[in-house]
Amino acid sequence: MAMTANPVMQILRAWGDVTERSFARMVAKPDWGIPSVSGPDGKDHIVRVETLLELPFGDLIRFTIPGRKSPRRRVLLVAPMSGHYATLLRKTVISLLPDCDVHITDWHNARDIPVSAGKFDVEDYTKYVAEFMRHLGPDLHVIAVCQPVPLTLAATAMLAEDDPSAQPRSLTLIGGPVDPDAAATDVTDFGSRVTMGQLEHSMIQRVGFKYKGVGREVYPGLLQLASFIAMNASTHAQAFTDQIFRAAHGKASEHDKHNQFYDEYLAVMDMTAEFYLSTVDRVFKSRDIARNAFSVDGRRLDLGKITSVAVKIVEGEKDDISAPGQCLAALDLLTGLSDDKKAAHLEPGAGHYGIFAGSSWRNNIRPLVLQFIDDNSDAPAKPTAKVETPKPRPAKPAAAKPVKEAKAKPAAKSVAKPKPAATTKAENPKPSAVPARANVAAPEAKTAEAPKPAPAKPTLVSTNDPKPTPGAAKAEAPEGGDARTAEPQNDKAKPGDVQIAKSQSDKAKPGDAQTETRPGTPDRAANT
């Protein structure tokens, strides 16, 4: 064969290399392989995978970067359980790591979970997501991709009822089937045509003795992969044909564009039978989420109870799995959410994969999502904790308590000059030989302009009227006299001077009101 210029052997060898690599990726879970991340200090920091919460069917993991201060944005990526591992979102994680503290749900392969771990269906998935959000705390922003979008909405509604303080700040829902009937696709048509009995008979298999989950009923990942490829068979066939010829000409490499994509696309995992069947039945056929009738453990979860979580919808114009409109239907279900907390974006020319891991995500969608996170990073204000700026209230004098025994008689308009007789002592009065001055001007007193009252501390004058009169004291003019108040005979009135009424005896008499001015005395009425 070496003596002729026949390219068949090179093409045959290239076909063998591409095929072997493809089948090897189908049976192994890929590594995260996150490269180093450049920090604000200009240094490259390594990325470590840390497990925060371990559960039988999935873990909550965090990508930590030693030596870098934790970013303010805390993000939880809810990975789909639709036949692929969480590593399908590797590029999404890499794009968010420089700006966010990233967490992700890492679902386990059902073939590796013993039967003793029990069942796992859509209700258990919802409880897992709610537990992850509760574990991370309320200062969190959730990004759900594809299949978990409707169940993430249900998990948030569960927190809104059970633990409102654990709700995340925002939800970003990317290409999920909230209402499959909003826009028909091959996936929705298949779900409506096939009965549940046909699915259980043709799609469900048992795990063999080679794995820990021996005997467990599962929906094999290879069947799911075959369904995905069948939807775009011509596109995938052309991609592999081109790769074989590139390999034959020596132009293919280990990490070229083709291998980077299909290393993730071909890595599939088994799902539990109950999760697959309940997803088809309750999300696609019964449309429990679209009808706001989804229940967990017999309790209906009302999406209208979500009132403080901002929600953003992201869809691709050419998405052939979750067509535009299926995810957008979530905004109509959030009846308790104000319009200023709802947002939507339709990416022109983007397919299903491109809206969370392709160039459309990197160049257009990612900046919008980060801006949405920043706009909703503050804790929502509680209605009961509304704080208003206190307005300055005018100083009110202490009201004198009326004494039941001493009822005042109506006072005459003309007030006689009070006698300097002994008066009833108020609280701790200072002894003085000088008789108290009356606050009413005598007929022979010279009239002058009244001093301006203190704006901050009005004085209180006790008259024979049982109701105290707030504000500055106005002298009542004698009959035929001037109505203006008289100027004090010695010092001018100072701000803060308080006039305290004294009575000559327990029984008030007309015209016996006497006052004593003491600078600096706090506003209070004397006991009569």
Side-chain angles (χ1 to χ4, degrees), residues 78 80-82 119-134 142 144-164 166-168 171-185 187-197 199-200 219 271-313 315 321-339 341-342 344:
V78 184
M81 184 186 281
S82 56
K119 71 172 183 66
F120 187 81
D121 57 7
V122 289
E123 295 186 10
D124 298 304
Y125 188 105
T126 303
K127 290 187 283 187
Y128 266 53
V129 175
E131 180 62 24
F132 292 153
M133 290 192 289
R134 186 183 288 109
V142 179
V145 178
C146 190
Q147 170 265 325
V149 164
L151 301 182
T152 302
L153 271 175
T156 307
M158 179 185 293
L159 290 179
E161 295 184 11
D162 298 342
D163 192 1
Q167 296 179 90
L171 288 178
T172 301
L173 310 178
I174 302 178
V178 176
D179 185 4
D181 286 357
T185 61
V187 177
T188 58
D189 292 343
F190 174 79
S192 60
R193 290 195 310 266
V194 182
T195 65
M196 296 305 300
L199 285 178
E200 187 173 1
Y219 172 62
M271 291 178 281
T272 61
E274 56 270 17
F275 177 79
Y276 172 73
L277 295 175
S278 60
T279 299
V280 175
D281 182 29
R282 301 182 62 176
V283 176
F284 289 91
K285 286 184 173 294
S286 300
R287 298 172 56 249
D288 288 357
I289 299 292
R291 297 186 296 108
N292 197 15
F294 187 78
S295 61
V296 174
D297 297 333
R299 183 187 61 166
R300 175 178 169 269
L301 302 180
D302 185 8
L303 300 180
K305 296 294 182 66
I306 302 175
T307 58
S308 61
V309 182
V311 178
K312 183 179 184 67
I313 306 299
E315 295 180 320
I321 296 179
S322 294
Q326 292 187 11
C327 193
L328 189 63
L331 297 183
D332 294 334
L333 298 173
L334 300 170
T335 56
L337 201 62
S338 58
D339 292 339
K341 287 189 172 293
K342 299 178 182 180

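- Environment of CD in E200: sparse, with no more than 12 heavy atoms of neighbouring residues, nucleotides or ligands closer than 6.0 Å.
- To the nearest 0.5 Å, atom CD of residue E123 and atom CD of residue E274 are 11.5 Å apart.
- Nearest heavy atoms, A160 versus P164: O-CG, 3.4 Å.
- Judged purely by atom type and a 3.5 angstrom limit, T152 has no side-chain atom pairing as donor or acceptor with the backbone of A144.
- The heavy-atom pair separating L277 from M196 by the smallest distance is O-CE, 3.3 Å.
- Looking at residues two or more places apart in sequence or on another chain, you find a salt bridge (charged side-chain N to carboxylate O under 4.0 Å, His left out) between D121 and K119.
- Annotation: the span from K312 atom NZ to I174 atom CD1 amounts to 10.0 Å, rounded to 0.5 Å.
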Return a table of donor-acceptor pairs under 3.5 angstrom between the side chains of residues 326-336 and protein atoms on other chains or two or more places apart.
unit_1	atom_1	unit_2	atom_2	d
Q326	NE2	A183	O	2.6

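- Side-chain contact between L153 and L173 is present, with heavy atoms from C-beta onward closer than 4.5 Å.
- Across all their heavy atoms, S322 and G175 have their closest contact at OG-O, 3.2 Å.
- The closest donor-acceptor contact from the side chain of Q167 to the backbone of L159 lies at 3.5 Å or more, if one exists at all.
- One finds the OH atom of Y128 at 8.5 Å from the CE atom of M81 (value rounded to the nearest 0.5 Å).
- Taking all atoms of both residues into account, the shortest heavy-atom contact from P177 to P150 is O-CG, 3.9 Å.
- Atom CG of residue L301 and atom OG of residue S295 lie 7.5 Å apart, to the nearest 0.5 angstrom.
- Under the 3.5 Å distance criterion, the side-chain polar atoms of T188 are left unmatched by any main-chain donor or acceptor of A184.
- The aromatic rings of Y219 and Y276 lie parallel to each other, their planes meeting at an angle below 30°, with 60° marking the opposite boundary.
- Atoms OG1 and CG, from T126 and L151 in turn, are 4.5 Å apart once rounded to the nearest 0.5 Å.
- Residues K285 and V194 approach most closely at NZ-O, 2.6 Å, considering heavy atoms.
- R299 contributes no side-chain N or O that, together with a main-chain N or O of M158, makes up a donor-acceptor pair within less than 3.5 Å.
- Taking R193 as the reference, nothing meets the salt bridge (charged side-chain N to carboxylate O under 4.0 Å, His left out) condition, with sequence neighbours excluded.
- Inter-residue side-chain proximity for V78 and Y125 is flagged as met; some heavy-atom pair is nearer than 4.5 Å.
- Counting only heavy atoms from C-beta outward, the side chains of V283 and Q147 never approach each other to under 4.5 Å.
- In this structure D281 satisfies the salt bridge (charged side-chain N to carboxylate O under 4.0 Å, His left out) test with no other residue, sequence neighbours excluded.
- Checked against side chain to side chain contact (heavy atoms under 4.5 Å, CB included), T195 has the following partners two or more places apart in sequence or in another chain: Q198.
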Start with the C-alpha distance between V309 and K341, add both sets of side-chain angles, then the distance that settles side-chain contact (heavy atoms from CB on, under 4.5 Å), and finish with yes or no. CA-CA 7 Å; V309 182; K341 287 189 172 293; over 6 Å; no
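- For the salt bridge (charged side-chain N to carboxylate O under 4.0 Å, His left out) test, residues two or more places apart in sequence or in another chain that qualify with D297 are K127.
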For a side-chain contact (heavy atoms from CB on, under 4.5 Å) check, start with the C-alpha distance between V149 and V178, then their side-chain angles and the critical distance, and finish with the verdict. CA-CA 7 Å; V149 164; V178 176; 3.6 Å; yes
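- Note that CZ of R300 is 4.5 Å distant from CG of N292, once rounded to the nearest 0.5 Å.
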Stepwise side-chain contact (heavy atoms from CB on, under 4.5 Å) test for F294 and L303: CA-CA 9 Å; F294 187 78; L303 300 180; over 6 Å; no
